[in-house]
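Structure first, commentary second.
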Amino acid sequence: MISRCFFRYLKQTSLADYVAFRSFSRSQQTPAAVTSSFIDSLRTAVGDNNVSTSDAIREQHGHDESHHEVYKPDVVVFAESVEQVSKVAKLCNEKKVPLIPFGSGTGLEGGVNALSGGVTLDVTKMNQIVEVNAEDFDCTVQPGVMRIALNSYLRDTGLWFPIDPGADASICGMCATSASGTNAVRYGTMRENVLNLQVVLPDGRVIHTAGKGKRCRKTSAGYNLTNLFVGSEGTLGIITQATIKLYGLPEKTIAAVCHFKTVQEAVDTVVQIMQSGITMAKLEFLDDKAIEAFNKFSKYNMPVAQSLFLEFHGPALGLEDQFNTVKDLIELNGGLGLQMATDEDERKRLWKARHEMLWACTALIPGSKPYSTDICVPISHLPEVIIKTKQWIDEAKVLAPVLGHVGDGNFHVILPMTLDTGQNEIMKALALQIALLAMDLNGTCTGEHGIGMGKCHLLEKEIGPVGIQVLKDVKKCFDPNGIMNPGKIIS
Ligand SMILES: Cc1cc2c(cc1C)N(C[C@H](O)[C@H](O)[C@H](O)COP(=O)(O)OP(=O)(O)OC[C@H]1O[C@@H](n3cnc4c(N)ncnc43)[C@H](O)[C@@H]1O)c1[nH]c(=O)[nH]c(=O)c1N2
Ligand SMILES: CC(C)CC(=O)C(=O)O
Ligand SMILES: [Mn+2]
């Protein structure tokens with residue numbers, strides 16, 4: 001069955017868009033160069049125990065947490081040092097074998113899926129915190145250091161790294177995807193929080209994007225190589241070390257929830273809060289369907305309504321005044337049931353449940369896999385985009401909760417994909433329609449999950465043919481043999 005929404009989509013966009021969209025499902029080819037002698041040379045480079053051709057290990061490395069089909073690499077290599085990463089890159093480059101960096105596999109756009117086979121390079125064994133400069137509010141970590149482990153390590157220093165995609169991802173994987181999440185509205189995304197990266201280029205050379213050892217807050221020294229690699233999704237080189245900003249733990253934290261009768265009221269409130277200049281730490285929207293999933297999965301009993309989850313960080317002095325200003329705005333817009341959670345355990349339980357929304361939503365349809373949209377628009381367009389999106393969801397008659405980091409103009413629709421392929425086609429058409437709308441309103445098709453394998457066609461639309469050609473030129477400059485994560489970002 002094909003819905004009215006799908007037909008409207010075909011009318012509003014061109015058939016060529018849809019054909020381009022569909023043609024991104026591809027068949028896997030194994031590079032001829034992965035011979036047994038090539039695998040032997042990998043073993044010499046990193047040691048026998050660090051090379052695996054086992055089916056289970058290849059399967060595990062052939063996918064992330066998204067709905068995208070599994071593409072297994074031919075071989076998985078575990079690196080233990082920068083020197084080993086460099087040797088592996090060199091070997092792959094000489095034989096033109098695809099090389100895919102693997103952080104922790106929590107990505108949502110099929111970034112680690114080995115579309116053309118080849119070598120997946122797992123960096124999780126390189127998991128040392130190299131240094132913490134508490135007085136300068138920065139630290140340097142190896143690529144296998146995970147976000148939660150870093151924050152546990154930092155606890156006694158009174159510092160933390162606040163960028164929080166919800167999943168426990170590797171810090172360098174977060175650099176590679178330009179991750180953000182709930183705290184970005186106050187602390188920024190990875191783009192604003194990386195000071196320097198050590199990167200192994202495909203030919204084995206090692207660079208420091210801001211210069212060796214540099215960790216200053218400002219620089220006007222030439223091109224911004226650091227931010228070229230932030231968001232490069234493993235297509236330009238392997239990030240082997242990251243120097244990132246740290247922050248003081250907030251003296252006081254206030255979390256709150258409230259709900260609204262209409263989407264318009266909820267989203268108008270968000271826009272007004274942001275325009276009032278109050279520094280929110282978190283400002284999240286969950287629609288009625290998302291709350292239903294939230295209640296069921298995490299055993300809450302919240303009113304099933306359009307809801308806002310909020311958090312304020314700051315010095316004890318003045319924080320309640322900020323809360324009260326926001327409270328006034330909520331009430332002015334018809335907000336109901338405002339509840340504060342200052343108790344740390346309850347706050348943690350609330351945000352843990354928010355971060356598990358991906359699983360809560362897929363649990364609504366047992367056996368489904370998440371297809372998630374990730375658009376971001378200038379804040380003034382947010383009400384229009386969310387309202388249209390929810391109308392389209394209703395017309396398409398699909399179950400699709402809406403939630404996201406609305407303080408940044410960024411939200412997701414979670415489309416649980418099942419074996420019902422007809423339904424899946426409708427969901428994909430819907431996702432495309434939402435992305436095209438965002439781009440029409442000066443927004444982006446991805447605020448934080450990246451392009452991966454699923455959104456190359458949208459990137460082309462977003463930055464245009466000349467922009468794409470320049471990206472291809474940049475890629476060629478770093479990776480002339482096209483070995484780094486082929487088929488991602490630019491196809
Ligand atoms: C439940 C849940 C919820 C969320 C999310 C996931 C899940 C499962 N995510 C997505 C995800 O956590 C985020 O994209 C992480 O940055 C991925 O980090 P991994 O270490 O898992 O990278 P993963 O291993 O998945 O790799 C992702 C990409 O980066 C590349 N890469 C990894 N390590 C690299 C390295 N050392 N050098 C070069 N390239 C490397 C890979 O090749 C791939 O292209 C997210 N994200 C977000 O921004 N906001 C959010 O709100 C959420 N929410
Ligand atoms: C699939 C997404 C909803 C995951 C995410 O980015 C989030 O929970 O914010
Ligand atoms: Mn998100």
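Whatever order the structure lists them in is the order used to number ligands and atoms, beginning at 1. Along the sequence shown, residues are numbered consecutively beginning with 1. Predicted, not measured: the structure shown is a model, and the values here were computed from it.
With no hydrogens or angles considered, no side-chain donor-acceptor pair links T106 and E65 at under 3.5 Å. Looking at D374 and N410, their side chains do bring a donor and an acceptor atom within 3.5 Å of each other. When only modelled atom types and interatomic distance are considered, K125 and N50 share a side-chain donor-acceptor pair under 3.5 Å. Between the side chains of H405 and E284, at least one donor N or O lies within less than 3.5 Å of an accepting N or O. A donor-acceptor contact closer than 3.5 angstrom links the side chains of E448 and H412. N196 and T209 share a donor-acceptor pair across their side chains, judged by distance under 3.5 Å alone.
The Mn ion (ligand 3) forms the vertex of an angle spanning NE2 of H412 and NE2 of H405; to the nearest 10 degrees it equals 100°.
Taking every non-hydrogen atom of C172 and a distance limit under 4.0 Å, the qualifying atoms of ligand 1 come out as 36 (N). The L358 neighbourhood of ligand 2 comprises atoms 1 (C), with distances under 4.0 Å to a heavy atom of that residue. Within ligand 1, the atoms closer than 4.0 Å to a non-hydrogen atom of N485 are 42 (O), 44 (O), numbered from 1 in the order shown. Annotation for ligand 2: atoms under 4.0 Å from non-hydrogen atoms of S372 are 1 (C). For ligand 1 and G103, the ligand atoms under 4.0 Å from any heavy atom of the residue are 20 (O), 24 (O), 32 (C), 33 (N). Of all atoms in ligand 1, numbered sequentially from 1 with element shown, those under 4.0 Å from a heavy atom of S170 are 20 (O). Of all atoms in ligand 2, numbered sequentially from 1 with element shown, those under 4.0 Å from a heavy atom of H405 are 9 (O). Of all the atoms in ligand 1, the ones that sit under 4.0 Å from a non-hydrogen atom of A176 are 29 (O), 30 (C), 31 (N), 39 (N), 40 (C). In the vicinity of H449, heavy-atom distances shorter than 4.0 Å reach the ligand 2 atoms 2 (C), 5 (C), 6 (O). Residue A179 has at least one heavy-atom neighbour below 4.0 Å for each of these atoms of ligand 1: 16 (O), 48 (O). Interface atoms of ligand 2 facing I414, defined by a heavy-atom separation under 4.0 Å, are 3 (C). Counting atoms of ligand 1 from 1 in the listed order, those under 4.0 Å from a heavy atom of G181 are 49 (N), 51 (O). Each of the following atoms of ligand 2 lies closer than 4.0 Å to a heavy atom of E448: 6 (O). Which parts of ligand 1 touch H405 is read off a 4.0 Å heavy-atom cut-off, strictly below it: atoms 51 (O).
Two residues are said to be in side-chain contact when any heavy atoms from C-beta on lie closer than 4.5 Å; W351 and E311 meet this criterion. Side-chain atoms of L197 and C175, non-hydrogen and from C-beta on, do get closer than 4.5 Å to each other. At least one side-chain heavy atom of V267 sits under 4.5 Å from a side-chain heavy atom of L382. Looking at heavy atoms from C-beta onward, I129 lies in side-chain contact with L150 at the 4.5 angstrom threshold. Side chains of F294 and L403 form no contact here, defined as non-hydrogen atoms less than 4.5 Å apart.
The pair E83-K87 does not count as a salt bridge, with every side-chain nitrogen at least 4.0 angstrom from each carboxylate oxygen. A salt bridge between K245 and D138 is absent, with no side-chain N of the basic residue lying under 4.0 Å from a carboxylate O of the acidic one. Between D203 and R205, at least one side-chain nitrogen of the basic residue sits less than 4.0 Å from a carboxylate oxygen of the acidic one, meeting the salt-bridge criterion. In summary, D345 and K348 do not engage in a salt bridge, as defined by a charged side-chain N under 4.0 Å from a carboxylate O.
Distances from atom 12 (O) of ligand 1 to the heavy atoms of T189, T106, T240, T177 show the closest one on T106. Around atom 39 (N) of ligand 1, the closest heavy atom drawn from G234, S232, A114 belongs to G234. In this structure, of L99, I239, L358, V85, the residue bringing a heavy atom nearest to atom 35 (C) of ligand 1 is I239. Proximity annotation for atom 47 (C) of ligand 1: of P165, P143, G107, P165 comes nearest, heavy atoms only. Across the listed options E284, M357, E356, R354, R354 owns the non-hydrogen atom lying nearest to atom 9 (O) of ligand 2.
For atom 23 (P) of ligand 1, the nearest non-hydrogen atom of the protein is G105 N, 3.5 Å. Protein heavy atom closest to atom 41 (C) of ligand 1, with residue, atom name and distance, is P101 O, 3.2 Å. The protein heavy-atom contact nearest to atom 51 (O) of ligand 1 is E448 OE2, 3.0 Å. When hydrogens are left out, the protein atom nearest atom 4 (C) of ligand 2 is L108 CD1, 3.8 Å; that is the closest non-hydrogen contact.
For F285 and F260, the ring centers sit 6.0 Å or farther from each other. Ring centroids of Y247 and H313 are separated by 6.0 Å or more, keeping the two rings apart. In this structure, the ring of F161 has its center no less than 6.0 angstrom from the ring center of Y153.
The N/O atoms of H412, backbone and side chain alike, include none that comes under 3.5 Å of an N/O atom in ligand 1. The shortest N or O to N or O distance between V112 and ligand 1 is not below 3.5 Å. Checking only distances, S104 does come within under 3.5 Å of ligand 1, N or O to N or O. Considering backbone and side-chain N/O of L108, none are found under 3.5 Å from N/O of ligand 1. Ligand 2 has no nitrogen or oxygen under 3.5 angstrom from a nitrogen or oxygen of H355.
The shell of residues lying under 4.0 angstrom from ligand 1, judged by heavy atoms, includes G237. Heavy-atom separations between K488 and ligand 1 are all 4.0 Å or longer. Ligand 1 does not have G166 within reach: every non-hydrogen atom of the residue lies 4.0 Å or more from it. Distances shorter than 4.0 angstrom do not occur between any heavy atom of M357 and any atom of ligand 1.
Looking at E65 against ligand 1, only its side chain comes within 4.0 Å, counting heavy atoms. Contacts with ligand 1 closer than 4.0 Å are made by side-chain heavy atoms of H449 only, the backbone lying farther away. Heavy atoms of D374 found under 4.0 angstrom from ligand 2: none, in either backbone or side chain.
Shown are T182, T253, N183; of these, the side-chain hydrogen bond (donor to acceptor under 3.5 Å, both in side chains) with K282 is made only by N183.
Both the sub-6.0 Å distance and the 45° axial angle are satisfied by R349 relative to the ring of Y300.
With a cut-off of 2.8 Å, the Mn ion (ligand 3) has an N, O or S atom of E448 in range.
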